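Just so it is clear, the structure is predicted and the values come from calculations on it, not from any experiment. Here is the naming used below: chain letters follow the sequence lines, and residue numbers restart at 1 for every chain.
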2 protein chains.
Amino acid sequence: MQEIDTQDVINNFIVTSGFNEQFSFDPRQDTKLFHIAANDFIVKAGAPLTYLFYLVKGKAKLYDVLANGKVSLIDFFTPPCFIGEMELIEQRSATAFSMQAITDCWCLALPIRPLQKKLLADPVFLRQICLYFVHKNYRTVKTAGNNAAFPVAQRLASFILLTAHDGLYSEKHVQVAEYLGISYRHLLYVLAQFVKDGYLIKQQHHYKIANSDGLTRLAHDVNESTN
Amino acid sequence: MQEIDTQDVINNFIVTSGFNEQFSFDPRQDTKLFHIAANDFIVKAGAPLTYLFYLVKGKAKLYDVLANGKVSLIDFFTPPCFIGEMELIEQRSATAFSMQAITDCWCLALPIRPLQKKLLADPVFLRQICLYFVHKNYRTVKTAGNNAAFPVAQRLASFILLTAHDGLYSEKHVQVAEYLGISYRHLLYVLAQFVKDGYLIKQQHHYKIANSDGLTRLAHDVNESTN
DNA sequence: CCTCAACTATGAGATTTATCATACTTATAA
DNA sequence: TTATAAGTATGATAAATCTCATAGTTGAGG
């Protein structure tokens, strides 16, 4: 995670992402910009949360570390979206989950400590966060419906497109199986099927997308109803 | 839906449910109390939303009517919980979903029209609603995990206990199948299995719970991790 | 009274997915 | 260096779940 202090770039992100409209005050002077390299953590479970982040560019994924130490993939995020807003609202100092960058990510960031009181009393911000929660909730309901409604192949296709990076898919099978709610064994069956059908090409440590259009077509219905 | 204006009863509900702590102002003079008979609607999709409800007693279920006209069960609610808060936040006049009473329900209610502006500018209320969303979100994540993690029998057991009324289970199979994400046919298989195992007794138009403890034991894990 | 739609019900066979057993590879830590 | 754990991989078999076909029942409306 690296801070970028080119004021031009920061201001540009603030305006194009609508960040300034999330508050009743002008956040410009307090806002930092961070660049997070692919695979690095934006926030790590258990660590103290020092910033309220606002993802403006890139793709990220949210993990939960279960009681038994296992890792479970919860959800994916694309801009614009808040990170750490749940902890802020609950006034919890530590992060509940881990957010990891899939591709390179850029996040605007407000230091929580000095601003928490102000934020929790700011009706504009609270209203925006509420709206954010409502939409997130609609999306969750839709997604939950999808999981029941669509077969694994389609959901996996959608998943691969979502998480692929430069045409390469390289998620951990164990975690993906858990996320999709299927067994490890079955996931490998379906992946093998994708290879056989020419959607993917298997390479040592990852899969290369060979037929992006085909995958997109497969995933189409799922994505369609998630929007 | 019937208004109850016994002030004693209203005040009692307000205090015991913590309703007055949801606002920066004293809601007492604006708060009405409604009794909704089992199976009646608290809010109906598409109808204008005139009250922000707060369920203080009873069980209710949330439906979505899909584009194709089908009905899909989304979730269940127990006190205390807001009803209509999503529409209020989005400033939408019509209800997106339908909420139906499973058992007799009692709801505190604030008229939206005259109070909307005040509510959307009230930091206390907004913060409470945010907290409510955060918890709802945690719950959804857990539930979504459960749906993948637990076999149908356990989820159905949990479902039956949740929706049963006076020891009788009488939900529409079509909707339940959709809610559990299984086929109609399979639901009947599992119900037949429950009858064979002595959990349920089939009666003309419904099932009678014959072994509540057994069902509770079956459902145990599911409920455990939903809390 | 009749008809149509919605709901309930059951069987047979196919498909999807899980479980278990078993190896091989790779990275990490002692 | 050698264990040890995590990740990958594959086969065989069983269980869960779906699809399709088919029918009886019920309630609303003409």
Engineer: By nearest heavy atom, map A192(A) and H205(B) onto DNA chain D; which one lands nearer the 5' end?
Structural biologist: A192(A)

Engineer: Check the distance between dT16(C)'s C1' and L191(A)'s CG and give it to me in whole angstrom.
Structural biologist: 16 Å

Engineer: If you count heavy atoms of other groups shown closer than 6.0 angstrom to NZ of K44(A), is the number above 12?
Structural biologist: no

Engineer: dA21(C) C1' sits how many Å from Y184(A) OH, rounded?
Structural biologist: 15 Å

Engineer: Figure out the CD/P separation between Q203(B) and dT8(C), and round it to whole Å.
Structural biologist: 16 Å

Engineer: Separation of Q204(B) atom CD from dG27(D) atom P, in whole Å?
Structural biologist: 12 Å

Engineer: Looking at residues at least two apart in the chain, or sitting in another chain, which of them share a side-chain contact (heavy atoms from CB on, under 4.5 Å) with F76(A)?
Structural biologist: K61(A), L73(A), I102(A), F159(A), L162(A), T163(A), Y179(A)

Engineer: Is the phosphate of dT8(D), meaning OP1 or OP2, less than 4.0 Å from a side-chain N or O of K172(A)?
Structural biologist: no

Engineer: Considering the options F53(A), F77(A), Y54(A), F19(A), which one meets the ring-ring contact (aromatic ring centres under 6.0 Å, His included) requirement together with F82(A)?
Structural biologist: Y54(A)

Engineer: CD of Q154(A) versus P of dT16(C): gap in Å, rounded?
Structural biologist: 12 Å

Engineer: Is it the case that atom CZ in R113(B) sees more than 12 heavy atoms from other parts of the structure closer than 6.0 Å?
Structural biologist: no

Engineer: By nearest atom, which of the nucleotides dT17(C), dT10(C), dA9(D) is closest to the L188(A) side chain?
Structural biologist: dA9(D)

Engineer: H186(B) side chain: which of dC20(C), dA9(D), dA16(D) is closest?
Structural biologist: dA16(D)

Engineer: Can you tell me the distance, in whole Å, between the CD1 atom of I182(B) and the P atom of dT17(C)?
Structural biologist: 15 Å

Engineer: Quick one: which of dG7(D), dA12(D), dA9(C) gets closest to the side chain of Y207(B)?
Structural biologist: dA9(C)

Engineer: So, is H173(A) close to the dA9(D) phosphate, meaning a side-chain N or O under 4.0 Å from OP1 or OP2?
Structural biologist: yes

Engineer: In whole Å, I'd like the distance from the CZ atom of R185(A) to the P atom of dA23(C).
Structural biologist: 16 Å

Engineer: Let me know, please, whether K202(A) or Y189(A) comes out on the 5' side of the other along DNA chain D by nearest nucleotide.
Structural biologist: K202(A)

Engineer: Can you measure L156(B) atom CG to dT17(D) atom P for me and round it to whole angstrom units?
Structural biologist: 11 Å

Engineer: Determine whether F133(A) and I89(B) make a side-chain contact, defined as any pair of heavy atoms from C-beta on separated by less than 4.5 Å.
Structural biologist: no

Engineer: Can you tell which of dG7(D), dA9(C), dC18(D) lies closest to the side chain of V174(A)?
Structural biologist: dG7(D)

